[in-house]
Amino acid sequence: MSRKTLHALRLYASPVFTRENPTFFTGLLFVGVCILATYFENTPAAQHAGPFKLPPQLGVWWWLSLQALLTSIACHYWRQVRSPLASMTAGMIDAEYHAVHYVLASALLLLALPLVLIGAPPLNVLAQESLCAALSVNGDMVGPKQLRKPMRLLRVLLMFFIFAAFMFPGAQEAVLSAPWYVALGLIGISLIFTLIELHHRPAPPATVQSAYTPVKQDSPKILPYAKRTNTSTSTSTSTSTRISALLLWQFSWLRQPAMPNTMATPGPVGFALSAAVLLIGFIILTVFMGIFTQGALPTWPHLKMGLRSAPVMLCMVFSSGLSTWLLARADWPFMLNLAGYGTRYNFAVALYANHAKRTVQLACMVTLTCAPLGIFLSNLPWHRLPLTALCLFSTVIGVSYLPSLGILLFKKSQTIFITVLNLLGSFVGLQSAFLIMLSKTQPPLWFYALTLSAIPFAACMAWAAPRALARADWPIQPPATP
């Protein structure tokens, strides 16, 4: 092992790795939940005579921790090899390429322990991890945005499909119960694609310059075609604009006063259509997994059992975007100076007032959709619906204000703590709340007290956070237009 490779390896154990890499802290959070799920899991070891049965909660958190940690490793790698210094420093790209192999191998071995400890076949666990690595190390969606390659749509769709499929225990059980030769084949194919994706060689300056040199002889042919297609292009643009306006339509009390674009969330129409599309996708995925694992269409009881995670998935998808406006502050100086807010404190108060309106609206829509759906799919008595809806409404309100603790408690590295707290509430908090709310037994009294206390917590954050946000670091000036 060369000295440069050793230096690249040491960076993974230094603050360089964790800087602007919030997925690492998210992965550690998921690993902690995964360890707790393994410790409290009472399921016996896998039966070698039949298919391996994976505990549902352990499978979900293990898959999320695997995705997050492998993505954090890929984020650091692409940030290193795509920096301007990488192409000017001899041997740096090769050293990073060799170092990431050691780090990925160590991470896969350590992350395999939770499933191996409960009796999963080690070769099958490595097969699923290798498949996750092949999808997580892509250079399209990690690293600095200005240095990324153009997004490959087919790969993005494949990533989303496999990620959503393995959130269901049935998909993981199919891989963990596969014969050894199938697992070995998955490992070989996945590792080959991983190595190909990680191989990075920047183009020389001459090639880059020639690639962007305009071709003069083609310009007279392009202009007439552009003129002929101007009408069709404008028509399609106006149609897409109308559809986008319909999906983002909001009530008048959410459109006043003027707010940054990062506070634009789907309105009632957009929420209804998005929820319907996601639910149909869950149904199709459950039917496909039933055909794949059982060889026949699933019956109605099996379909309901497979869709029990759909309400919490819907709730997590919509709730996770409520607090992302705290991370995007590039337009704030522009809005502060031209929208007539006056002081930074008044602008922060207006931001939190609009956040409260958006949160209440989304909490109502999520409660009216996910609470009855969860009661129905879990076969619970309908007299539990009012308390379940009240707890869900309070939980969504509290989750949306949890990232504000990052502004109150930390003056530096607020982006990392806001991201971790947002994921902590949106994933761990909502998942735990749904697990207790939709259990067969009546939830304990301390659970009702804890969920209802989210409303006073949100009120305290709405009062204290604007003052801390007004004192926080903002961009000096709006971003320059190209």
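- The two residues Cys315 and Cys370 have their closest heavy-atom pair at N-SG, 4.1 Å.
- Side-chain atoms of Asn422 never come within 3.5 Å of backbone atoms of Thr324 as a donor-acceptor pair (strictly under, hydrogens ignored).
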Self-check item: Verdict with supporting geometry, Tyr401 and Leu322, side chain to side chain contact (heavy atoms under 4.5 Å, CB included)
Solution: CA-CA 9 Å; Tyr401 281 92; Leu322 279 173; over 6 Å; no
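- Taking all atoms of both residues into account, the shortest heavy-atom contact from Phe30 to Val428 is CE2-CG2, 4.3 Å.
- Note: Leu430 CG to Leu314 CG = 11.5 Å, rounded to the nearest 0.5 Å.
- In this structure the side chain of Gln67 never reaches within 4.5 angstrom of the side chain of Thr23, judged on heavy atoms.
- Between Tyr12 and Phe17, the angle of the ring planes lies from 30° to 60°, which puts this pair in the tilted group.
- Remark: side-chain polar atoms of Ser136 are not paired, donor with acceptor, to backbone N or O of Ala133 under 3.5 angstrom.
- Going from atom CG of Leu126 over to atom CG of Leu191 covers 9.0 Å, rounded to the nearest 0.5 Å.
- Distance alone, capped at 3.5 Å, is enough to place a donor-acceptor pair between the Asn124 side chain and the Val175 backbone.
- Going from atom CG of Leu123 over to atom CD of Gln128 covers 12.5 Å, rounded to the nearest 0.5 Å.
- Nearest heavy atom pair, residue Ser439 against residue Ile436, reads OG-O, 2.8 Å.
- Annotation: Phe318 is in aromatic contact with Phe271 [ring centroid separation under 6.0 Å].
- The CZ atom of Phe393 lies 9.5 Å from the OG1 atom of Thr359; values are rounded to the nearest 0.5 Å.
- Proximity of a side-chain donor or acceptor of Trp382 to a complementary backbone N or O of Pro372 within less than 3.5 Å is not detected.
- The aromatic rings of His101 and His98 sit tilted, their planes meeting at an angle between 30° and 60°.
- Ring centers of Phe24 and His76: at least 6.0 Å apart, outside the cut-off.
- Nearest heavy atoms, Leu387 versus Gln442: CD1-NE2, 4.4 Å.
- Heavy-atom minimum distance, Ser190 versus Ser130: CB-O, 3.3 Å.
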Exercise. Evaluate the side chain to side chain contact (heavy atoms under 4.5 Å, CB included) criterion for residues Met461 and Leu408: first the C-alpha distance (whole Å), next the side-chain angles of each, then the deciding distance (0.1 Å), finally the verdict.
Key: CA-CA 9 Å; Met461 289 295 103; Leu408 287 172; 3.3 Å; yes
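- Classified by interplanar angle (parallel below 30°, tilted 30° to 60°, perpendicular above 60°), the ring pair His355/Trp325 is tilted.
- Listed here is the closest heavy atom pair of Leu69 and Leu28: CD2-N, 4.1 Å.
- Residues Thr18 and Phe25 have side chains in contact (heavy-atom distance under 4.5 Å, counting atoms from C-beta outward).
- Side-chain contact check for Leu70 versus Leu108: some heavy-atom pair is nearer than 4.5 Å.
- Judged by distance alone, with hydrogens and angles left aside, the side-chain atoms of Lys304 form no donor-acceptor pair with the main-chain N or O of Asn379 at under 3.5 Å.
- Taking CE of Met316 as the start and CZ of Phe434 as the end, the distance is 8.5 Å to the nearest 0.5 Å.
- Checking side-chain atoms of Ser320 against main-chain N and O of Val317 turns up a donor-acceptor pair under 3.5 Å.
- Two residues are said to be in side-chain contact when any heavy atoms from C-beta on lie closer than 4.5 Å; Trp62 and Glu129 meet this criterion.
- For the pair Leu11/Glu96, a side-chain contact is recorded, criterion being any heavy-atom separation below 4.5 Å from C-beta on.
- Looking at Ser177, its side chain never comes within 3.5 Å of a backbone N or O of Ala174 through a donor-acceptor pair.
- Between the Tyr77 side chain and the Leu198 main chain, a donor and an acceptor come within less than 3.5 Å of each other.
- Considering CG of Leu113 and CD1 of Ile118, their distance stands at 12.0 Å, rounded to 0.5 Å.
- For Arg384 (side chain) and Leu438 (main-chain N/O), no donor-acceptor pair under 3.5 Å exists by modelled atom type.
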Exercise. Go through the steps to decide whether Phe427 and Val399 satisfy the test side chain to side chain contact (heavy atoms under 4.5 Å, CB included), and finish with yes or no.
Key: CA-CA 10 Å; Phe427 285 90; Val399 162; over 6 Å; no
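- Within a 6.0 Å radius of OH in Tyr448, more than 12 heavy atoms belonging to other residues, nucleotides or ligands are found.
- Taking the side chain as every heavy atom from C-beta outward, Leu424 and Thr26 never approach each other to under 4.5 Å.
- At least one side-chain heavy atom of Trp63 sits less than 4.5 Å from a side-chain heavy atom of Cys132.
- Checked by atom type and distance alone, the side chain of Ser394 never pairs as donor or acceptor with a backbone atom of Cys391 at under 3.5 Å.
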Practice problem: List the steps and the verdict of side chain to side chain contact (heavy atoms under 4.5 Å, CB included) for Val396 and Thr367. | Solution: CA-CA 9 Å; Val396 173; Thr367 301; 5.5 Å; no
